[in-house]
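The block underneath contains the structure these notes are about, expressed in C-alpha cells.
Residues: numbered from 1 along the sequence shown.
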Amino acid sequence: MIQIIASDMDGTLLNDEMVISDFNAAAIKEAQAKGVHFIVSTGRAYAEVKPLLDKVDLTCPLITINGAQTFTAAGKLLNTVALPDQLARKICLKLKKKGLYFELVTSTGVYSDNKASRIANFAELLTRVNPDTPYKLAVTLASARLELMNINYIDDYFTLIDDPHMPILKIVAFSQEGRPVLDPIRAELSANPALKVTSSSDSNIEINHINAQKGVALQAFADSLNIPMDNVMAIGDNNNDVSMLEVAGVSYAMGNGSTEVKRIAKRLAKKNTDNGVGHAIKEVLAEN
C-alpha cells in the first residue's frame, strides 16, 4: 500500500508550459484526501517551487535543491546540507577556468553573475521541453519569467561564498554543447567523495554535498513518519532522480525520461506532456 508519493518537477510534474496541469493537481489532491502523503522532490529552490504550487492551490512538504533542504507543508525549514565554503570556492575556480557559465543556489534563492546567460539557458530549457517553441519566443518567455523564479544578480560569486550567513547549497554549471563538454568535468568532480554530481538535463551538471541527495532526504522523510520504503512511490525523469527511485518501493520513470532512469525504475509512466504523474498516481491509488 502506497503511503507516500514523491515527485520530481521539471520534466515530470511540470508540463511543456512549465506549470502543473489541472489533471496532475487533481490527482495529487485525490491522493491527499485519501491520506497519502505527497511530497515534491526537486532540484529547484523553495522560492522557485512555491509559486507553481500556489497557482494550483497545492500544499505539501518539499525536498528542494536535490535534497539540500527539506521543508514542511507550512514552509518550515527542517534540514540544510550545504557545501563547505572552501570546497565551493574550489569548484567555482575550476568552472571559471573551464569557461563555463554557472549559478549558485543558496537559502535565499538562485544567484547569477550573467543575466544574458541566465536567459539563454532558460530559453534552451523551454525549447527542449517544447521543441515547437521558436528560440526567439523562448528568449522572450524566459525574460518574462525571471522575476517569478527569484533570480538574484551579483557581480562576484566569491563575495557570496565569503558571507558566513549565506550557505551554498548547490552549484549548477551549463553548456549548450551538452555532455561532450560536461561529462569530463562531471567525472573530475565526482572523484571527490564529498560531492554528489548529478544533472536534470543533458545541458547541465548539478553539484551538491554528498549528503544532499533526493533519496537520502526521501528516506529521512519516510522515517519521520515511520513509513517503510516499500510503501513509498517515487517518480522522475532524469539523473538527479536516480537516488530516490532506487530507495522507493515503487518507482516510475517518465515516458520522456532518460535511458538511465528508465533502466532503474520498475514502472513506466506517460510523458510529462500527457499528465504522466497524474495517471501514475491514479494507478497506485487504484491498487491501494
Side-chain angles (χ1 to χ4, degrees), residues 4-14 18-20 24-25 28-29 32 37-83 88 102-112 118 121-122 125 142 145-154 157 160-161 163-172 196 198-201 204 206-209 211-222 224-225 234-238 240-241 243-244 277:
I4 297 173
I5 296 172
S7 175
D8 171 50
M9 292 203 79
D10 291 277
T12 303
L13 184 57
L14 303 183
M18 305 296 283
V19 297
I20 301 170
N24 282 347
I28 292 167
K29 291 173 184 176
Q32 290 175 324
H37 300 274
F38 179 81
I39 184 168
V40 163
S41 184
T42 178
R44 293 181 180 231
Y46 181 89
E48 298 176 89
V49 179
K50 190 65 164 58
L52 295 169
L53 295 174
D54 289 345
K55 191 171 183 180
V56 289
D57 195 28
L58 273 176
T59 302
C60 66
L62 305 177
I63 294 169
T64 65
I65 318 175
N66 289 339
Q69 290 192 317
T70 303
F71 295 86
T72 67
K76 179 184 177 182
L77 178 63
L78 295 176
N79 187 47
T80 296
V81 182
L83 290 163
F102 60 96
E103 298 170 356
L104 303 188
V105 183
T106 75
S107 55
T108 62
V110 181
Y111 284 79
S112 167
R118 172 68 202 183
N121 277 292
F122 194 69
L125 172 63
R145 295 174 71 105
L146 289 180
E147 291 305 315
L148 294 177
M149 296 178 65
N150 193 33
I151 302 301
N152 306 283
Y153 292 98
I154 191 169
Y157 282 146
L160 202 64
I161 294 172
D163 184 343
H165 304 295
M166 190 69 71
I168 307 302
L169 305 178
K170 183 174 72 169
I171 299 173
V172 189
K196 180 64 178 179
T198 59
S199 61
S200 55
S201 77
N204 73 27
E206 304 189 353
I207 307 157
N208 286 88
H209 188 279
N211 293 327
Q213 298 187 51
K214 291 184 179 184
V216 174
L218 180 57
Q219 176 82 62
F221 178 71
S224 73
L225 297 171
I235 183 166
D237 75 306
N238 224 305
N240 63 343
D241 300 313
S243 64
M244 71 172 180
V277 170

Query raised in the report: Do T72 and L78 have side-chain heavy atoms sitting under 4.5 Å apart?
Result: yes
Report task. List in chain and number order the residues that pass side-chain contact (heavy atoms from CB on, under 4.5 Å) with V81, two or more places apart in sequence or in another chain; answer none if no residue qualifies. Result -> N79, H209, N211, A212
**Report entry** Qualifying residue for side-chain contact (heavy atoms from CB on, under 4.5 Å) with I171, from V105, N208, L83
**Finding:** L83
Query - Any residue meeting side-chain hydrogen bond (donor to acceptor under 3.5 Å, both in side chains) with Q69, in chain and number order, not counting sequence neighbours - result: T80
Query raised in the report: Does E103 have any side-chain hydrogen bond (donor to acceptor under 3.5 Å, both in side chains) partners at least two apart in sequence or in another chain, and if so, which?
Result: Y101, R118
**Report entry** Contacts of type ring-ring contact (aromatic ring centres under 6.0 Å, His included), residue F221, not counting sequence neighbours
**Finding:** none
Report summary line: Applying side-chain hydrogen bond (donor to acceptor under 3.5 Å, both in side chains) to T106 and not counting sequence neighbours gives T108
Requested in this report: List in chain and number order the residues that pass salt bridge (charged side-chain N to carboxylate O under 4.0 Å, His left out) with K29, two or more places apart in sequence or in another chain; answer none if no residue qualifies.
Outcome: none
Query raised in the report: Under the side-chain contact (heavy atoms from CB on, under 4.5 Å) test, which residues partner A73, sequence neighbours left out?
Result: T59, P61
Query - Side chains of T198 and S200 in contact at under 4.5 Å (non-hydrogen atoms) - result: no
Query raised in the report: What residues form a ring-ring contact (aromatic ring centres under 6.0 Å, His included) with Y46, not counting sequence neighbours?
Result: F71
Report task. Output all residues satisfying salt bridge (charged side-chain N to carboxylate O under 4.0 Å, His left out) with K214, sequence neighbours left out; order by chain, then residue number. Result -> D8, D241
Report task. Tell me, please, which residues at least two apart from A217 pass side-chain contact (heavy atoms from CB on, under 4.5 Å). Result -> I63, T70
Query raised in the report: For D54, which residues count as a salt bridge (charged side-chain N to carboxylate O under 4.0 Å, His left out) partner, sequence neighbours excluded?
Result: K50
